[in-house]
Structure formats: structure tokens, C-alpha cells
Amino acid sequence: MKKLFCLTVVLLSAFISAVPAFALRESTPADKAFVKGDYQTAAGLYESILASNPNNVRALRFLGLSYLYTGNFDGAITTLNRAKQIDPSSAAIRYYLAQAYYAQGQADMARQELTYIIAELPEGAYHKKARSLEEQMALRPKAHGRYKPISVYQKVGFQYDSNVMLEPQKLGIKGLDKDSSRFTNYTWVELVGLQDDGWRAGANFSYYQSLHTENDSKPFNLSSFDFGPFFSFDTPVSDKILKNRIEYRYIYDILSGESFVRTHSIRARTGADLVSWLNATIFYEVNFDDFFYRQRPANKDYLNRDAVRTKGGMRLQFNLPHRRFIYCGYDYTHNDSEGLLWNYERNRLFAELATPFFVPDLTLFVLGEYSNRYFDPYLGSFYVSKAERDEDYWSFRIKMRYDVTSFASVETSYRYIKQEATIEEFFEYERQIFDFSLVFRY
């Protein structure tokens with residue numbers, strides 16, 4: 001906390017000395033809000049200017065500064081990089097971009113911008129400022145870490161599920177009360193034990209719990225524990241910074257009070273901002289699933305779900321004006337199981353749009369998802385069928401989130417799910433889930 005305070009003092013002193021000289025050149029409502037120190041309002045007004053003129057380098061510069069003043073370092077970096085692409089010889093843009101990188105914890109990127117100003121651009125006021133910031137960084141080599149020692153995410157909710165047991169449409173279960181409401185809880189905690197320029201190490205833990213209200217659904221009450229260490233590090237490649245993370249996870253699921261499955265998982269991912277408006281991540285993981293088998297010994301060759309499950313794919317985030325974004329991805333899963341009924345390959349695609357909705361603190365999320373799961377080898381005769389098992393999964397979700405404060409939100413969502421299957425009598429179903437949740441984060 002003391003380090004962050006020192007950094008804040010350094011940044012604010014530099015900002016105050018440098019901004020007002022050119023902020024008054026135009027007298028737009030955005031400029032007036034900026035000069036008054038109302039940076040949230042200024043950011044919204046500059047965003048409106050850019051909506052009609054996305055290459056307005058001046059609006060980009062002051063939008064980036066508005067983000068910087070309000071602590072939105074990611075937004076500042078993205079916006080100032082857009083401005084730099086349009087006007088690469090602007091010492092002012094590069095200097096404030098260096099400030100944003102430094103505040104975010106990317107010291108190497110900050111030094112690159114400062115070195116460029118000093119070596120490549122005509123001498124002026126920003127040469128002196130660049131040298132001053134270099135000196136401050138040398139005196140405080142560890143004062144700019146952006147990661148908190150502890151981060152917490154807590155979500156508690158109430159859901160209604162129309163088909164908890166995934167009852168098939170064509171072969172219903174007589175007398176089954178298949179719908180139910182449930183209380184849910186998800187807790188996630190991450191501890192950063194060690195960190196320095198470009199790397200950090202620690203551990204995180206998560207816990208999920210669902211409690212159904214209907215007796216028929218209580219066998220599906222689930223508790224899940226997940227914990228393990230991680231190591232994250234940055235790798236400079238050309239003018240990009242690759243964000244890398246390697247972690248081990250131990251996952252233990254309890255279904256209806258009895259052990260269900262334990263998993264050892266090794267995961268790796270790498271991501272980077274390819275351009276100012278596009279972030280890309282690739283990932284790969286290997287999971288060793290160990291199910292607590294309780295069926296008759298004669299069925300073990302068919303029903304044993306113990307498996308080596310590998311998964312890989314990519315994620316893309318397109319950052320759009322006015323705090324909108326599109327998040328999408330593809331992943332492939334291969335499940336190599338001991339039993340003949342659980343070998344499959346799955347291909348999955350999804351896309352989600354997020355946009356402010358009527359008021360700034362209300363966000364609308366629209367998600368679409370499709371996956372195909374093909375089982376091979378598969379013993380269809382177990383279900384008295386000669387068909388191959390091939391399943392198409394479709395899902396649509398609409399969610400609203402209202403940010404009450406910077407650390408608390410209210411969410412509500414509706415999700416529709418439909419699975420089509422070649423063995424229709426056992427695996428084809430529809431499902432709807434309504435959710436209301438409170439979210440807290442630190």
C-alpha cells in the first residue's frame with residue numbers, strides 16, 4: 001500500500017505540471033470537464049467525439065489522460081497506443097503512455113517509450129520529463145507493482161433451473177420433479193507472495209456450493225474445491241509483451257455429500273495486445289480425472305469415467321468505443337477414458353458482447369455458444385441403440401450487471417440450453433436457468 005501511495009504521488013505531481021498548458025487550446029465541454037478535474041465526465045465526452053471521428057488524435061490523447069487520472073491504466077494504454085499509431089512523433093503522447101505503463105507495472109515498456117523520446121524526438125519539455133521519470137524509476141525499482149497481495153471475488157446467488165437432472169425430452173422419468181430452485185455460492189481468493197518487474201508467483205483457491213430446495217434435486221447438490229500455485233511472467237517480443245501464466249490445480253468435487261471426482265490439472269496460457277483494440281490469448285491444459293466409481297464391477301469397462309482430458313484453444317477480445325467489447329473463442333477437448341462410454345472429442349465456439357445499457361453503471365451481456373461432442377469409440381448397444389453418439393449443444397444467455405460501487409454489483413441473467421443428440425431417447429434435452437446474484441470483489 002505504501003508503494004502504491006508513493007507511485008500515486010509521483011504520477012500526480014507529473015500530471016499536474018504537464019497537462020493544463022495544452023488543455024485550454026479548445027473550449028469544448030470535454031475540455032472544460034477535464035480542466036475542472038471531472039475526469040469521468042470528460043472521458044464520456046471524449047468517447048462521444050471519437051465515436052464520430054475515431055482518428056481524432058487530440059481526443060484520444062485526452063481520453064487516455066482521463067483514464068490515467070481515474071486509475072484505468074489498461075484503458076489509458078490502449079487509447080494512448082491508438083494515438084501513438086496516428087502521431088508517432090508526439091513526445092507528449094509517448095510520455096503519458098510511459099506513465100501509464102509504469103503505473104500498470106510494465107516498467108520495460110515504460111522505459112522503451114522514454115528511451116525513444118530522449119533518443120529519437122527533437123529536444124523539448126518532454127525530454128526533461130522523460131529523464132526525470134527515468135530517474136524516479138531507477139530510485140523506485142519495485143514501487144510500481146500493480147498486483148495486490150490479495151484479491152477476492154465473492155458471488156452469492158439464487159437460481160431456478162427447469163431441468164436439473166437433464167431429463168430427456170423423449171424418454172421422461174415418471175413422477176420426476178425435474179425443476180428446482182437452488183442457492184449458489186462461489187468464492188475465489190488469489191495470494192501474490194512474490195513479485196517483481198515482469199513476474200509474480202503465488203497461489204489461489206476457489207470454492208463452489210449449490211443447495212437445491214426440491215427433494216428430487218438434492219442428489220445434485222455440489223461442492224467443489226480448487227486450489228494450487230501459479231507463476232506469471234512477461235516476455236518481450238519485438239514491440240509486444242507476452243503475458244504468460246503456468247499453474248497447477250487440484251480439484252475435488254463432492255456430489256450429494258459423497259466424493260465424486262478429483263482432478264490434477266496442469267495449465268499454461270500466453271496472451272498479448274496484438275493491436276490497441278485486440279487482445280489474443282492461447283491456452284493448453286492437461287487434466288487427470290479420477291472418479292470415485294460405485295457401480296457394479298461388471299459395468300466398470302463401460303462406465304468408468306477415469307480419463308486423461310486435454311484441452312486447448314484461443315480467446316480474442318475486441319475493445320470497442322464507449323466501453324463495449326466482444327469476447328469470443330474456440331477450444332478443442334479430447335477425453336481419453338477408461339470406460340467405453342466416455343471417450344469423446346469436443347469442438348466449442350462462443351461469442352459474447354458487452355455494452356453499457358442506458359446508464360453508465362448498467363452493462364448488458366449477450367452470449368451465444370455452440371459445441372459438438374462426438375464419442376468414439378462408443379458402445380451404443382449399452383443404450384440398445386446402433387447409432388453413434390453425436391451431440392450438438394446450443395446455449396443463449398442474456399445478463400444484466402449493475403455496478404453499485406467499484407467493489408459490489410448486482411447481476412441477473414436468463415439462459416436457454418438445448419442439446420440435440422443422435423441417441424435422442426437418453427441425451428436430447430432442453431433447459432432454462434434464471435439467476436439473481438450479488439457480487440463482491442476486492
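The first residue of the sequence shown is numbered 1, and numbering continues consecutively from there. None of the values given here were measured: they were computed from a predicted structure.
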Salt-bridge contact [X]-[Y] (side-chain N to carboxylate O under 4.0 Å):
X: Asp87; Y: Arg61; result: no
X: Asp161; Y: Arg431; result: yes
X: Glu113; Y: Lys84; result: yes
X: Asp31; Y: Arg58; result: yes
X: Arg397; Y: Glu352; result: yes
X: Glu190; Y: Arg245; result: yes
X: Glu430; Y: Lys418; result: yes

Does NZ or CZ of [X] come closer than 6.0 Å to the centre of the six-membered ring of [Y], within 45° of the ring's axis?
X: Arg348; Y: Tyr330; value: no
X: Arg389; Y: Phe375; value: yes
X: Arg262; Y: Tyr252; value: no
X: Arg182; Y: Phe158; value: no
X: Lys148; Y: Tyr442; value: yes

Does either side chain, that of Asn335 or that of Asn343, offer a donor lying less than 3.5 Å from an acceptor on the other one?
no
Which heavy-atom pair separates Ile417 from Ser395 by the least distance, and what is that distance?
CG1-OG, 3.9 Å
What pair of heavy atoms forms the shortest contact from Pro88 to Tyr116, and how long is it?
O-CE2, 4.1 Å
Considering only residues two or more places apart or on different chains, which pairs with a residue in residues 43-53 satisfy salt bridge (Lys or Arg N to Asp or Glu O under 4.0 Å)?
none
Taking the side chain as C-beta and beyond, is there a heavy-atom pair between [X] and [Y] under 4.5 Å?
X: Thr263; Y: Val261; result: yes
X: Phe283; Y: Asp331; result: yes
X: Arg346; Y: Tyr332; result: no
X: Asn204; Y: Val189; result: no
X: Gln154; Y: Val156; result: yes
X: Phe233; Y: Ile246; result: yes

Suppose we call two aromatic rings close when their centres sit under 6.0 Å apart. Are [X] and [Y] close by that rule?
X: Phe260; Y: Phe291; result: yes
X: Phe434; Y: Tyr414; result: yes
X: Phe396; Y: Tyr416; result: no
X: Phe318; Y: Phe325; result: no
X: Phe427; Y: Tyr429; result: no
X: Tyr207; Y: Tyr186; result: no

Tell me whether [X] contacts the main-chain N or O of [Y] through its side chain, where contact means a donor paired with an acceptor under 3.5 Å.
X: Ser238; Y: Lys240; answer: no
X: Arg249; Y: Gly228; answer: yes
X: Asp403; Y: Thr405; answer: no
X: Gln159; Y: Thr184; answer: no
X: Ser210; Y: Leu222; answer: yes
X: Asn221; Y: His212; answer: yes
X: Lys243; Y: Thr270; answer: no

How far apart are the C-alpha atoms of Asp435 and Ser437, what are their side-chain angles, what is the distance that settles it, and do they pass the side chain to side chain donor-acceptor pair (under 3.5 Å) test?
CA-CA 6 Å; Asp435 174 89; Ser437 298; 2.8 Å; yes
Any pair with a residue in residues 345-370 that passes ring pair (Phe, Tyr, Trp, His ring centres under 6.0 Å), sequence neighbours left out, goes on the list, sorted by first then second residue, please.
Tyr327-Phe350, Tyr370-Trp394
When you look at Arg200 and Asp234, which way does the salt bridge (Lys or Arg N to Asp or Glu O under 4.0 Å) test go after all the steps?
CA-CA 9 Å; Arg200 70 188 191 277; Asp234 298 342; over 6 Å; no
Return all side-chain donor-acceptor pairs below 3.5 angstrom for residues 75-83, not counting sequence neighbours, or 'none' if the list is empty.
from	atom 1	to	atom 2	distance (Å)
Thr78	OG1	Asp74	O	3.1
Thr79	OG1	Gly75	O	2.8
Asn81	ND2	Ile77	O	3.1
Asn81	ND2	Tyr101	OH	3.1
Arg82	NH2	Pro54	O	3.4

